Amino acid sequence: MKKITAMILALVCLLPSFCFASTVEEWMVEGNWIGYWHEDNGARSMIFIELEEENRAYFVTQFFHADEPGLGRAYIGEWELNGNIVHVKTGNNTSMNLEFKGNGVMVDTLTLRMFFLGEWR
């Protein structure tokens, strides 16, 4: 009886996450998303992505070394929501896929780096 109760409880706890994952809508990901990391070489890396209505995306990335700025890039592109994956065009030949996790968090599916919601639209 304890095993059955534990299984039912586990299913009840997991059910909301399954329902939420299938109902991600565009308004849930629209806003300012920010990522910040220390790179393996000691540089600092910042990425800012603005996802707007009508699938407009503004992308800015900048690297900083200990005593001077490094490479940086900006691009105006598009974004698209497919399930819980946000595909963002970040350059003429580059893009990234961000998995919407909810609670103001998205994760880059390639690097597993986290992006946090700075401002919701």
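Quick caveat: nothing in here was measured; it's all calculated off a predicted structure.
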| said: For a 4.5 angstrom cut-off between non-hydrogen side-chain atoms, does Val29 reach Val24? | reply: yes
| Cation-pi geometry met for Arg113 and Trp37 (6.0 Å, 45°) | yes
| task | Would you indicate whether Asp40, at its atom CG, is surrounded by more than 12 heavy atoms from other residues, nucleotides or ligands within a distance under 6.0 Å? | result | no
| Would you say the side chain of Glu99 lies within less than 4.5 Å of the side chain of Lys101, judging by non-hydrogen atoms? | yes
| said: Looking at Pro69, is its backbone amide N or carbonyl O close enough to the side chain of Gln62 to form a donor-acceptor pair, meaning the two atoms are under 3.5 Å apart? | reply: no
| task | Answer yes or no: are there more than 12 heavy-atom neighbours, outside Arg73 itself, under 6.0 Å from its atom CZ? | result | yes
| task | Report yes if the side chains of Val107 and Phe115 come closer than 4.5 Å at any heavy-atom pair, otherwise no. | result | no
| said: Would you say that more than 12 heavy atoms from the other residues, nucleotides or ligands in this model lie under 6.0 Å from the CD of Glu53, or not? | reply: no
| Sub-4.5 Å side-chain heavy-atom contact between Tyr75 and Thr61 | no
| message | Check this for me: Leu71, atom CG, are more than 12 non-hydrogen atoms of other residues, nucleotides or ligands nearer than 6.0 Å? | response | no
| field | Beyond-backbone contact of Leu98 with Val88, side-chain heavy atoms, under 4.5 angstrom | value | yes
| query | With a cut-off of 6.0 Å (strictly less than), are more than 12 heavy atoms of other residues, nucleotides or ligands near CG of Asn82? | reply | no
| field | Test item: Phe48 and Asn32 side chains (from C-beta on) under 4.5 Å apart, heavy atoms | value | yes
| request: Check whether any side-chain N or O of Trp79 sits under 3.5 Å from a backbone N or O of Glu52 as a donor-acceptor pair, and report yes or no. | output: yes
| With a 4.5 Å limit on heavy-atom distance, are the side chains of Met106 and Trp33 in contact? | yes
| Once you round to the nearest 0.5 Å, how far does CD of Glu30 lie from CD of Glu50? | 9.5 Å
| request: Could you tell me whether the side chains of Glu39 and Ser45 share a donor-acceptor contact shorter than 3.5 Å? | output: yes
| Would you find a donor on one side and an acceptor on the other, under 3.5 Å apart, between the side chain of Lys89 and the backbone of Gly91? | yes
| said: Within this structure, what is the CG-CD distance for the pair Asn84 and Glu25, rounded to the nearest 0.5 Å? | reply: 13.5 Å
